[in-house]
Structures are given as structure tokens and as C-alpha cells.
Amino acid sequence: MAFSSLRLEYALGGSSNYIAWKDCMEAVFEDNGLKEFIDQEVLKPTYATQLVEWMKCVARARRILLEGV
């Protein structure tokens, strides 16, 4: 499942729904092949071919977080 947008009920609304939001974000990251970005620090690669893919993943992760807040 590719991420398109979160339903309003899953948007972060402060501390009152943080646990549900966090669980939802983890599932969305996992569905998009980005789970490693929340489980550990993903270092910037040095090879150009890997760097392009890494930059796409970082941009997708940021979009998911920004749309979920």
C-alpha cells in the first residue's frame, strides 16, 4: 500500500492520541518499506546510485510525517 494521505482520525492531535498516531505511523512506514527509518539511523550512502534511492526514501518519510501531523 503506497501512502497517499492519512485519514483525519489518525492525524496527531496532541498527547491525547499520540499512542494511536505512533502505531499508525509505524504501520504506514512499514507499508512503504521505510520501517528502518524509524527503527535506526539510516546513514547517507556514499555511492551515487544508492544516494538517489536514499534521497527518495527520506523525502517520502518526511512527507508521511508532515501529512500525519
Side-chain angles (χ1 to χ4, degrees):
M1 170 180 115
F3 179 76
S4 55
S5 65
L6 292 175
R7 294 185 303 197
L8 185 57
E9 65 193 79
Y10 292 117
L12 181 60
S15 61
S16 64
N17 74 334
Y18 173 75
I19 299 298
W21 176 84
K22 178 182 165 281
D23 291 342
C24 179
M25 288 290 102
E26 286 180 359
V28 171
F29 268 67
E30 190 167 5
D31 286 348
N32 283 274
L34 300 168
K35 184 106 165 61
E36 65 185 323
F37 282 84
I38 57 174
D39 289 340
Q40 62 193 10
E41 182 179 358
V42 179
L43 299 176
K44 187 175 182 178
T46 55
Y47 296 106
T49 55
Q50 295 173 333
L51 182 60
V52 171
E53 184 61 30
W54 180 84
M55 290 172 65
K56 288 178 183 178
C57 288
V58 168
R60 195 165 59 236
R62 285 181 180 159
R63 183 175 53 86
I64 289 169
L65 284 173
L66 289 172
E67 290 185 9
V69 174

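Heads up: numbering here begins at 1 and tracks the sequence. Quick caveat: nothing in here was measured; it's all calculated off a predicted structure.
- To the nearest 0.5 angstrom, N32 atom CG is 7.5 Å from R63 atom CZ.
- Residues that satisfy the salt bridge (charged side-chain N to carboxylate O under 4.0 Å, His left out) test with D39, not counting sequence neighbours, are K35.
- The hydrophobic clustering, which links ILVMFWY residues whose side-chain heavy atoms are closer than 4.5 Å, places M55 and V58 together.
- N17 contributes a side-chain N or O that, together with a main-chain N or O of A11, makes up a donor-acceptor pair within less than 3.5 Å.
- Here the CG-CZ distance, from L65 to F37, works out to 11.5 Å after rounding to the nearest 0.5 Å.
- Under the 4.5 Å side-chain heavy-atom criterion for ILVMFWY residues, a single connected hydrophobic cluster contains both M25 and I38.
- With W21 contributing its side chain and G13 its backbone, the two residues share no donor-acceptor pair below 3.5 Å.
- The salt bridge (Lys or Arg N to Asp or Glu O under 4.0 Å) analysis of residues 40-53, with sequence neighbours excluded, yields no pairs.
- The hydrophobic clustering, which links ILVMFWY residues whose side-chain heavy atoms are closer than 4.5 Å, places I19 and V28 together.
- Under the side-chain hydrogen bond (donor to acceptor under 3.5 Å, both in side chains) criterion, E26 pairs with K22, sequence neighbours left out.
- Clustering ILVMFWY residues whenever any of their side-chain heavy atoms sit less than 4.5 angstrom apart, transitively, puts L51 in the very cluster that holds L34.
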